Amino acid sequence: MSGSRPIRVLNVAEKPSVAKAVAGILSRNRGLRVRDGRSRYNRIFEFEYTIRSQACHMLVTSVTGHLMELDFDERYRKWYSCDPSDLYSAPVRKHVPQDKVDIKRCLEEEARKCQWLILWLDCDREGENIAFEVVEVCTAVNHHLNIWRARFSALIDREIHESVQNLVRPNQLFADAVDARQEIDLRIGASFTRFQTMLLKDAFVLDFAGDEKNLVLSYGPCQFPTLGFVVERFWEIQSHEPEEFWTINCSHTSDEGIATFNWMRGHMFDHTCAVIIYEMCVEEPTATVTRVRNQEKLKYPPYPLSTIELQKRASRYFRMSSEHTMKVAEELYQAGFISYPRTETDGFSVNTDLHAIAREQQGHPLWGSYAQQLLDPESGLWRNPGSGGHDDKAHPPIHPTKFSTGESRWSQDHNRLYELVVRHFLACVSQPAVGAETTVEIDIAGELFSASGRVIVAKNYLDVYRFESWGGSMIPNYLFGQQFVPTSLTLDSGVTRPPPLLSEADLLSCMDKAGIGTDATMHDHIKKLLDRFYATKDTNTRFSPTNLGEALVMGYDEMGYELWKPYLRSMMECDMKAVSVGTKRKAEILETCLQQMKACFLDAKSNKVKLLEAMEIFFERSNRGGGVRDEQHDVGQVVRSCGSCHQSDMVLKRKPDGNFMVGCLHFPQCRNVVWLPGGISEAAVTSQICNSCTPGPVFKIQFKFQRIAIPHHYNVDHLGCIGGCDDTLKELIEICGTGPRNPVITPARGRRPMEPSSNAQRGTTRQSACVHCRQTGHSSNDCPSQISDSRGSQRGRRLSLQNRTTTLSCNACGEPCIFRTANTANNRGRKFYKCQREECNFFVWEDSIDNNDTGGGRARSPPSRGSRGRGRGEGRSAPNVSFVTATGEPISGRRCFICGDPSHFANVCPNRG
DNA sequence: GCAAGGTC
């Protein structure tokens with residue numbers, strides 16, 4: 001690296017702001033020239049500089065993130081160009097998309113005239129991959145380029161000058177890891193998205209989307225686990241089984257005030273035990289103070305602000321969506337008011353001049369005086385901030401970069417977010433809040449109770465961080481050994497509540513913990529759930545799955561695949577790490593991962609009936625699934641596998657002339673076909689499987705005939721089988737023919753299509769027995785034994801729910817009850833009804849209901865613990881009387897233990913001492 | 001019309 005003639009050095013950063021900062025720092029803003037490039041955002045900065053005695057004419061420009069995209073070869077881009085399983089081996093290539101061509105040309109023009117190329121991309125794996133994209137473009141026009149990488153962790157003077165004097169070579173392994181990630185994401189995403197969209201979109205009435213034609217049912221390794229979190233919590237809430245618990249509360253009023261003591265056992269689920277203990281306390285109610293503890297407690301300010309924390313706090317404090325937060329933060333960043341908003345880093349580098357950042361805020365009308373106090377050494381308020389231990393080696397934590405009292409163009413959300421960034425910064429360089437906490441423990445008849453109070457001694461950071469509070473209350477003074485009689489001692493009941501729906505902050509935490517997405521993309525994945533109609537968000541920023549979202553997760557869950565769980569992404573992340581440190585090769589992980597995923601895809605495809613069944617729970621079948629629009633391109637619904645060529649499926653299709661047929665997908669190589677009768681107006685494949693035709697499964701078809709086309713004694717609606725067992729269908733074919741094309745039933749390959757194959761059960765009666773219970777009168781799919789024996793699976797639960805919803809109404813409010821399966825350790829698999837109103841706690845076990853009480857009547861009162869096989873009443877029938885708790889909720893089979901009156905509990909007994 | 005990751 002020596003020589004006296006200046007060399008031309010092309011410097012490329014990941015984004016325009018970094019190019020500007022690097023040029024400013026290196027040139028010290030002396031002799032710095034700026035000119036426009038071909039791309040309007042990516043300007044070129046020029047100045048003279050010396051790198052290790054080598055005079056350099058520096059040109060600093062930028063890209064805007066990735067320069068290239070990965071996609072399939074043209075031949076595979078159209079959705080119907082191939083089977084989606086081919087996408088695991090279809091050739092892929094990187095190309096520069098149209099909107100990046102200007103940047104590419106600019107790099108080419110400059111690279112031709114340069115000797116060196118220095119890459120200033122972010123120092124993470126994606127940055128390294130972008131570096132190689134830049135290298136590819138530049139070396140294509142100049143093979144002699146000397147290629148260097150600048151490593152820096154923050155855009156501060158010392159870092160930048162040091163990094164340019166200590167250039168290294170780019171790291172191919174980091175870039176390889178990203179290449180592998182891109183290819184896996186593309187192949188998995190495209191194959192599953194095409195598969196499930198083509199399978200389900202036209203098979204069901206999905207009218208919520210407005211424009212059904214453009215509906216895409218996407219699958220992605222990040223969006224699906226995100227959906228999984230939402231569905232899982234929803235299911236957890238649905239299967240929650242409320243349990244009664246009991247607790248003893250004690251209070252003491254004195255001249256100094258009121259102290260509320262909590263029972264140190266917390267909640268007790270055994271009523272008998274609770275009553276016995278309560279009785280003991282009531283009989284010997286004198287309390288003795290056994291412990292008085294005074295302690296200093298500190299409440300620490302938050303760590304410096306990372307992107308996820310910004311999103312979580314903006315959601316919590318202002319109810320802003322993560323997507324909107326990022327949009328506003330991006331605008332504040334572009335205008336220079338805050339630092340780069342996409343960062344994982346939650347600790348400041350020791351080189352950062354934190355005092356300078358605080359000094360800038362001294363003039364603000366709201367928090368300026370706090371900033372002044374903070375900077376005054378006398379106050380002792382300043383504290384060097386802690387670190388959460390995350391560092392993306394590319395960006396500092398989010399902090400204010402320019403003072404503002406609010407700009408005229410700013411919306412309320414701009415003001416709020418800027419305020420949050422500033423207050424958060426000032427808070428994290430402040431001393432923690434200090435509190436004095438007092439805890440008093442008392443003993444009543446051997447039972448321990450405790451009360452605590454807190455006084456804030458010094459608010460410190462809480463003075464500026466108005467978003468957080470530290471609640472506390474005073475309690476009277478107590479002395480060790482002091483005795484008193486409580487003012488009140490009550491036995492109170494309550495019920496356990498399910499957890500709440502996931503909030504946006506919860507969802508971000510789940511994703512962060514499982515490594516789903518990056519700081520720059522997590523909000524995109526959340527938004528995608530809403531855009532794809534997989535989930536909805538209520539005004540409280542809490543997420544629920546839609547029917548579509550729940551059905552998709554349920555379908556894959558029923559297949560036994562955890563494609564909706566975060567494990568796949570975690571596994572991929574481990575592989576990426578292995579590639580980036582050189583313990584595995586890119587080709588190796590690509591091969592194993594894609595092989596596994598292809599096997600999984602093929603299995604999912606062969607189990608698609610599970611997806612269809614899950615969808616059927618929520619959606620009506622549509623009559624568009626038979627390939628109405630485009631015979632060549634529409635795959636149709638599968639009826640059975642082809643018994644002729646054994647290579648493909650037989651699918652239901654509608655010909656352009658309106659008549660239906662079931663033909664082999666391997667046409668024209670295989671010409672196996674079943675022509676269906678004329679006069680059919682609608683036909684759709686159901687998930688019901690014929691239990692006599694073989695080889696199975698043969699799915700039954702729901703037909704709708706034109707009234708005018710069939711004799712009056714035939715029903716226009718007919719659930720038929722094309723496997724050969726369906727005599728009614730045969731008769732209708734005889735009567736109606738198969739349309740103008742085939743006036744006579746023409747068997748393919750010389751066999752009559754409606755005949756069962758040679759090894760079929762010939763002569764099966766039309767009313768065949770259910771395979772599950774051996775009874776006639778219903779199909780195996782409708783078998784009641786299957787509905788109630790659903791093994792607690794999600795699908796079983798929903799089926800039960802659908803079939804049983806209206807059979808009971810709530811005793812408390814009269815609303816219908818829903819039928820569920822318990823999933824708790826003690827009652828797993830046990831069925832119960834719960835009031836459909838979430839806020840109503842009424843529930844009743846199915847096995848405690850009188851047999852003659854289920855026909856649309858009202859449910860009995862909730863059973864006593866005796867009927868649940870636990871507690872005092874075990875093996876005893878509960879007396880049929882009504883009791884109420886202190887809040888008036890009815891509970892059966894109880895009697896006041898003080899006076900024996902069945903109309904109330906002891907805690908509200910008038911005879912209580 | 002598919003993914004996720006950069007970024008404007």
Side-chain angles (χ1 to χ4, degrees), chain A residues 12-19 39-43 62-72 76-82 84 86-88 90 92 94 96-97 99-100 102-103 121-122 124-134 174-175 177-198 201-202 209 211-226 326-327 329-331 333-335 340-342 392 394-395 511 515-525 527-528 531-532 563 568-569 572-573 576 594 597 601 633:
Chain A
V12 183
E14 189 160 322
K15 43 191 163 279
S17 60
V18 173
S39 159
R40 58 184 281 222
Y41 299 110
N42 308 88
R43 305 208 293 170
S62 57
V63 286
T64 43
H66 277 287
L67 189 55
M68 296 178 169
E69 276 176 12
L70 189 71
D71 209 345
F72 296 107
Y76 295 88
R77 296 235 187 121
K78 287 242 177 336
W79 277 42
Y80 293 91
S81 61
C82 64
D86 296 340
L87 297 177
Y88 286 90
V92 289
K94 273 191 174 186
V96 177
D99 60 337
K100 300 283 175 75
D102 281 344
I103 298 174
L121 287 305
D122 293 354
D124 51 22
R125 289 205 300 250
E126 294 295 331
E128 213 65 17
N129 189 271
I130 301 170
F132 278 88
E133 293 174 356
V134 172
F174 270 43
V178 172
D179 279 342
R181 198 265 307 148
Q182 288 178 341
E183 192 172 329
I184 292 168
D185 283 348
L186 175 66
R187 292 187 190 279
I188 296 175
S191 58
F192 273 94
T193 299
R194 290 186 192 183
F195 159 68
Q196 64 187 29
T197 304
M198 294 193 289
K201 189 174 87 170
D202 287 335
D211 185 6
E212 271 186 73
K213 231 175 101 183
N214 293 327
L215 183 68
V216 172
L217 306 184
S218 63
Y219 174 88
C222 284
Q223 52 179 275
F224 243 59
T226 307
M326 290 314 288
K327 187 171 171 283
E330 179 68 28
E331 285 164 9
Y333 161 67
Q334 289 297 333
Y340 189 65
R342 287 181 281 274
D392 64 15
H395 308 285
M511 295 169 76
I516 301 298
T518 68
D519 48 35
T521 61
M522 282 158 84
H523 67 278
D524 281 335
H525 301 313
K527 184 168 181 288
K528 191 149 274 177
D531 291 345
R532 297 284 192 222
L563 289 167
L568 173 66
R569 197 69 187 170
M572 279 166 65
E573 185 55 38
M576 299 306 115
L594 291 174
M597 284 311 296
F601 177 82
H633 285 161

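Predicted, not measured: the structure shown is a model, and the values here were computed from it. In what follows, every chain begins at residue 1, and chains take the letters A, B, ... in the order their sequences are listed.
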Within the 4.0 Å heavy-atom criterion, would you say Asp179(A) contacts the bases, only the backbone, or no part of the nucleic acid?
nothing
In whole angstroms, how far is the P atom of dA4(B) from the CZ atom of Arg125(A)?
16 Å
About how many Å separate CG of Asn129(A) and CG of Leu121(A), when rounded to the nearest 0.5 Å?
9.5 Å
Separation of Ile130(A) atom CD1 from dG5(B) atom P, in whole Å?
13 Å
pair Arg181(A)-Glu126(A): side-chain heavy atoms closer than 4.5 Å:
yes
With respect to Phe192(A), which candidate in Tyr88(A), Phe224(A), Tyr219(A) satisfies the ring-ring contact (aromatic ring centres under 6.0 Å, His included) definition?
Tyr219(A)
Assert: residue with more 5' nearest nucleotide on DNA chain B, out of Asn214(A) and Met522(A), is Asn214(A)
Round to the nearest Å and state the distance from Asp99(A) atom CG to dT7(B) atom P.
15 Å
How long is the line joining CD1 of Ile184(A) and P of dA4(B), in whole Å?
13 Å
Touch check for Arg187(A), heavy atoms < 4.0 angstrom, all strands: base, sugar-phosphate only, or nothing?
nothing
Candidates dT7(B), dC2(B), dG5(B) - which lies nearest the side chain of His66(A):
dG5(B)
Starting at CD of Glu69(A) and ending at P of dG1(B), how long is that distance when rounded to a whole Å?
13 Å
When you match Asp519(A) and Leu186(A) each to their closest nucleotide on DNA chain B, which lands nearer the 5' end?
Leu186(A)
Look at all strands and tell whether Lys201(A) reaches a base, only sugar-phosphate, or nothing, counting heavy atoms closer than 4.0 Å.
base
As a test of reading the structure: which of dA3(B), dG1(B), dG5(B) is closest to the side chain of Cys222(A), going by heavy atoms?
dG5(B)
With the criterion set at under 5.5 Å between ring centres and under 30 degrees between planes, would dG1(B) be stacked on Trp79(A)?
yes
Ignoring backbone atoms, establish whether His525(A) has a side-chain N or O less than 4.0 Å from OP1 or OP2 of dA3(B).
no
Using a cut-off of 4.0 Å on non-hydrogen atoms, how would the nucleic acid contact of Phe192(A) be classed: base, sugar-phosphate, or nothing?
nothing
Sugar-phosphate only, base, or nothing, as touched by Pro16(A) at under 4.0 Å among non-hydrogen atoms
sugar-phosphate
Candidates dG6(B), dC2(B), dA3(B) - which lies nearest the side chain of Thr521(A)
dG6(B)
Which whole-number value in Å describes the distance from Leu215(A) CG to dC2(B) C1'?
13 Å
N or O in side chain of Arg532(A) less than 4.0 angstrom from dA3(B) OP1/OP2
yes
Applying a 4.0 Å non-hydrogen cut-off, can you work out what Gly517(A) is touching in the nucleic acid: base, sugar-phosphate, or nothing?
sugar-phosphate
What nucleic acid atoms does Ser191(A) come within less than 4.0 Å of, heavy atoms only: base, sugar-phosphate, or nothing?
nothing
If you define the side chain from C-beta out and look only at heavy atoms, does anything of Phe132(A) sit under 4.5 Å from Asp179(A)?
no
Looking at Tyr340(A), I'd like to know whether one of its side-chain N or O atoms comes within less than 4.0 Å of OP1 or OP2 on dT7(B).
yes
Which part of the nucleic acid, if any, lies within contact of Arg569(A), taking any heavy atom under 4.0 Å across all strands shown: a base, the sugar-phosphate backbone alone, or nothing?
sugar-phosphate
Given Gln182(A), which of Leu186(A), Asp185(A), Val178(A) fulfils the side-chain contact (heavy atoms from CB on, under 4.5 Å) condition?
Val178(A)
What's the closest nucleotide to the side chain of Arg342(A) if the choices are dT7(B), dC2(B), dG5(B)?
dT7(B)
I'd like to check Leu217(A) versus Arg532(A) (side-chain heavy atoms, cut-off strictly below 4.5 Å). Are they in contact?
no
Please classify the nucleic acid contact of Phe224(A) as base, sugar-phosphate, or nothing, using heavy-atom distances under 4.0 Å.
nothing
Given atom NE2 of His395(A) and atom C1' of dT7(B), what is their separation to the nearest angstrom?
11 Å
Under 4.0 Å, counting only non-hydrogen atoms across every strand here, what does Asp122(A) touch: a base, just sugar-phosphate, or nothing?
sugar-phosphate
May I ask you to evaluate whether Thr518(A) reaches the phosphate of dG6(B), defined as a side-chain N or O under 4.0 Å from OP1 or OP2?
yes
Should Lys327(A) and Glu331(A) be marked as a salt bridge (Lys or Arg N to Asp or Glu O under 4.0 Å) after you check the CA-CA gap, both sets of side-chain angles, and the distance that decides it?
CA-CA 6 Å; Lys327(A) 187 171 171 283; Glu331(A) 285 164 9; 3.5 Å; yes
When you get a sec, tell me which of dG1(B), dA3(B), dG6(B) is the closest nucleotide to the side chain of Thr197(A)?
dG1(B)
In whole Å, what is the span from the NZ atom of Lys94(A) to the P atom of dA4(B)?
17 Å
Using a 4.0 Å heavy-atom cut-off, does Leu70(A) contact any base of the nucleic acid, only the sugar-phosphate backbone, or nothing at all?
base
Using a cut-off of strictly less than 4.0 Å, decide whether Gln182(A) has a side-chain nitrogen or oxygen near OP1 or OP2 of dA3(B).
no
